[in-house]
Amino acid sequence: MRFFKTGPGEYGEGDEFLGLKVPQTRAVVRTVSKDFLLGEVPELLLSKWHEVRLCGLLILVAKFEKLATKRLMSDGEAIRRRDEIVEMYLEYAERANNWDLVDLSAPKILGGWLADCPSKEMRAYKQQVVDELARSENLWRQRMSMVCTWKTSHEGDPSWCLHYAEIHLHHQHDLMHKAVGWMLREMGKHCSLDLLRAFLRQHAHEMPRTTLRYAIEKMSEVERKEWMCYEGLS
């Protein structure tokens, strides 16, 4: 509970734990996800127990990924059912109320949803949906909008990461500083290190030091030192 900052005034205040490790929860998901009805998932998401909510979120992940195989990506019924999972995920977004719950679900569900944009109109619609998360006042919705770009960057599209990194660049919370830097690092690794360098040249002087450190973590020691010498770091 100390690790997840559940004390008074901390970001996970009041959260309660059964004491299960993530592999134990994943084992439950593997056993039940195939036959677990989508309509039953909200009961898990509304639980007071952290691990039960995680179980519900991982069931959604498992169902989404089963419908997002290469064979089913363009299948109309699979698309409809994926959209249904995303709608449920967004409806109960605030139940993913700690960083691990967000990080284990948003990249696979929202990220997978964003990665499938067959038209400009569809892309514009999906960006509008995730922009609403980014502009909300809820920390966990905001983090969702950033870490979901893990998937799109891994698919070779840097634009989502750069868009939400710009939006969250001056966020006040350390959890968002880490998320932005992490996603920028992933974008540089899987899309273009030159794009990451270009973003840093534009913003390194104004971004939080934690964000910069995360973003350059995989660069050479010499280059990391050069970036950390930028003046005016916040």
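Here the structure is a predicted model, which means the values were calculated and not measured.
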Between [X] (side chain) and [Y] (backbone), is there a donor-acceptor pair under 3.5 Å?
X: T31; Y: A27; answer: yes
X: Y89; Y: A106; answer: yes
X: H177; Y: H171; answer: yes
X: S119; Y: M122; answer: yes
X: K63; Y: R82; answer: no
X: E206; Y: A204; answer: no
X: R95; Y: S47; answer: yes

Any link between [X] and [Y] through a network of hydrophobic side chains (Ile, Leu, Val, Met, Phe, Trp, Tyr) touching at under 4.5 Å?
X: L72; Y: L60; result: no
X: I79; Y: L67; result: no
X: F17; Y: V29; result: yes
X: F36; Y: Y92; result: yes
X: L169; Y: V130; result: yes

Minimum heavy-atom separation for [X] and [Y], please, with both atom names.
X: Q127; Y: Y164; result: O-OH, 3.4 Å
X: G56; Y: L44; result: CA-CD1, 3.7 Å
X: T152; Y: A115; result: CG2-N, 4.0 Å
X: K151; Y: G112; result: CG-N, 3.6 Å

Do [X] and [Y] touch side chain to side chain, with heavy atoms closer than 4.5 Å?
X: C191; Y: D157; answer: no
X: F199; Y: M207; answer: yes
X: L90; Y: L133; answer: yes
X: I85; Y: V61; answer: no
X: W140; Y: L101; answer: no
X: M146; Y: C161; answer: yes
X: L196; Y: M187; answer: yes
X: M88; Y: L38; answer: yes

Before accepting this row, confirm whether a basic side-chain N of the pair [X]/[Y] lies closer than 4.0 Å to the acidic partner's carboxylate O.
X: K21; Y: E51; result: no
X: D100; Y: R53; result: no
X: E221; Y: K225; result: yes
X: K48; Y: D15; result: no
X: K178; Y: D174; result: yes

| query | For W182 and D103, what are the C-alpha separation, side-chain angles and deciding distance, and is it a side-chain contact (heavy atoms from CB on, under 4.5 Å)? | reply | CA-CA 11 Å; W182 172 29; D103 295 357; 3.7 Å; yes
Does a donor on one side chain and an acceptor on the other come within less than 3.5 Å for [X] and [Y]?
X: D194; Y: S192; result: no
X: D83; Y: W113; result: yes
X: H203; Y: E166; result: yes
X: H50; Y: N97; result: no
X: H168; Y: Q142; result: no

Between [atom1] of [X] and [atom2] of [Y], what distance do you get to the nearest 0.5 Å?
X: L212; Y: R185; atom1: CG; atom2: CZ; value: 12.5 Å
X: L200; Y: E226; atom1: CG; atom2: CD; value: 12.0 Å
X: S145; Y: R135; atom1: OG; atom2: CZ; value: 9.0 Å

| request: With E94 as reference, evaluate L139, L45, N138 under the side-chain contact (heavy atoms from CB on, under 4.5 Å) test and give the passing residue. | output: N138
| said: Could you walk me through whether R213 and E217 satisfy the salt bridge (Lys or Arg N to Asp or Glu O under 4.0 Å) test, starting with their C-alpha distance in whole Å, then the side-chain angles of each, then the deciding distance to 0.1 Å, before giving a yes or no? | reply: CA-CA 6 Å; R213 283 178 173 167; E217 189 176 38; over 6 Å; no
| Evaluation steps, side-chain contact (heavy atoms from CB on, under 4.5 Å), between L54 and L20 | CA-CA 11 Å; L54 175 60; L20 300 174; over 6 Å; no
| field | Full working for side-chain contact (heavy atoms from CB on, under 4.5 Å) between F64 and V86 | value | CA-CA 8 Å; F64 187 94; V86 171; 3.9 Å; yes
| query | Does atom CD of E77 have more than 12 heavy-atom neighbours, drawn from other residues, nucleotides or ligands, at distances under 6.0 Å? | reply |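 More than 12 within 6.0 Å, yes.
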| More than 12 heavy atoms of other groups within 6.0 Å of R80 CZ | yes
| task | Compute both the distance and the angle, then confirm whether R123 meets the cation-pi test with W160: under 6.0 Å from the six-membered ring centre, within 45 degrees of the axis. | result |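 Satisfied, under 6.0 Å and within 45°.
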| task | May I have the step-by-step check of side-chain contact (heavy atoms from CB on, under 4.5 Å) for D131 and H163, ending in yes or no? | result | CA-CA 10 Å; D131 279 355; H163 175 68; 3.0 Å; yes
